[in-house]
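Numbers for residues simply follow the sequence, beginning at 1.
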Amino acid sequence: EALHAGCIVICEPLPENSLYQNHPFLTYKNSSGLTRILNDIRKGKYDLAALQEQHLEFYRERLSVKAVAARMACQLKSLS
């Protein structure tokens with residue numbers, strides 16, 4: 001829901017699978033990595049508007065109800 005609302009995702013590394021492949025999320029491996037990302041945001045080192053658009057596009061293409069339904073339909077079709 002937060003991604004759908006336009007939030008920028010900052011998270012630990014995600015599983016390597018087709019759902020998350022080439023995601024635009026800002027990832028960190030430990031607390032110092034998170035601190036670095038947050039400090040860089042505060043210092044203006046990220047184009048937040050561009051990041052937000054990338055996150056929204058990722059949501060629309062991969063995680064929205066429409067995208068998930070299309071992917072499921074395609075997988076079901078391949079089984080028949």
Original post:
Is N39 reaching over with its side chain to a backbone N or O of R42, donor-acceptor style, under 3.5 angstrom?
Top reply: no
Original post:
Should the pair H4 and Y59 be assigned to parallel (<30°), tilted (30 to 60°) or perpendicular (>60°) ring geometry?
Top reply: tilted
Subject >> Spacing of H23 atom NE2 and Q54 atom CD [to the nearest 0.5 Å] >> reply: 12.0 Å
**OP:** Looking only at non-hydrogen atoms, find the nearest pair between V9 and C11 and report the distance.
**Re:** CG1-SG, 3.8 Å
Original post:
For Y20, does the OH atom have more than 12 heavy-atom neighbours from other residues, nucleotides or ligands under 6.0 Å away?
Top reply: no
Original post:
G6 and Q52: which non-hydrogen atoms are nearest, and at how many Å?
Top reply: O-NE2, 3.0 Å
**OP:** Kindly give the heavy-atom pair with the smallest separation between R60 and A67, and that separation in Å.
**Re:** O-CB, 3.5 Å
Subject >> Non-hydrogen atoms of P24 and H55 that approach each other most closely >> reply: O-CE1, 3.3 Å
**OP:** Please report the shortest heavy-atom distance between F58 and Q21, naming the atom on each side.
**Re:** CE1-O, 4.1 Å
Original post:
If you round to the nearest 0.5 Å, how far is OG1 of T27 from CG of L14?
Top reply: 7.5 Å
Original post:
Are F25 and I10 connected in the hydrophobic side-chain network, where two residues link if heavy atoms are under 4.5 Å apart?
Top reply: no
**OP:** Determine whether L26 and L51 make a side-chain contact, defined as any pair of heavy atoms from C-beta on separated by less than 4.5 Å.
**Re:** yes
Subject >> Rounded distance (nearest 0.5 Å) linking atom CG of L56 with atom CG of L3 >> reply: 7.0 Å
Subject >> Minimum heavy-atom distance between Y28 and L34, given as atom pair plus value >> reply: CB-N, 3.5 Å
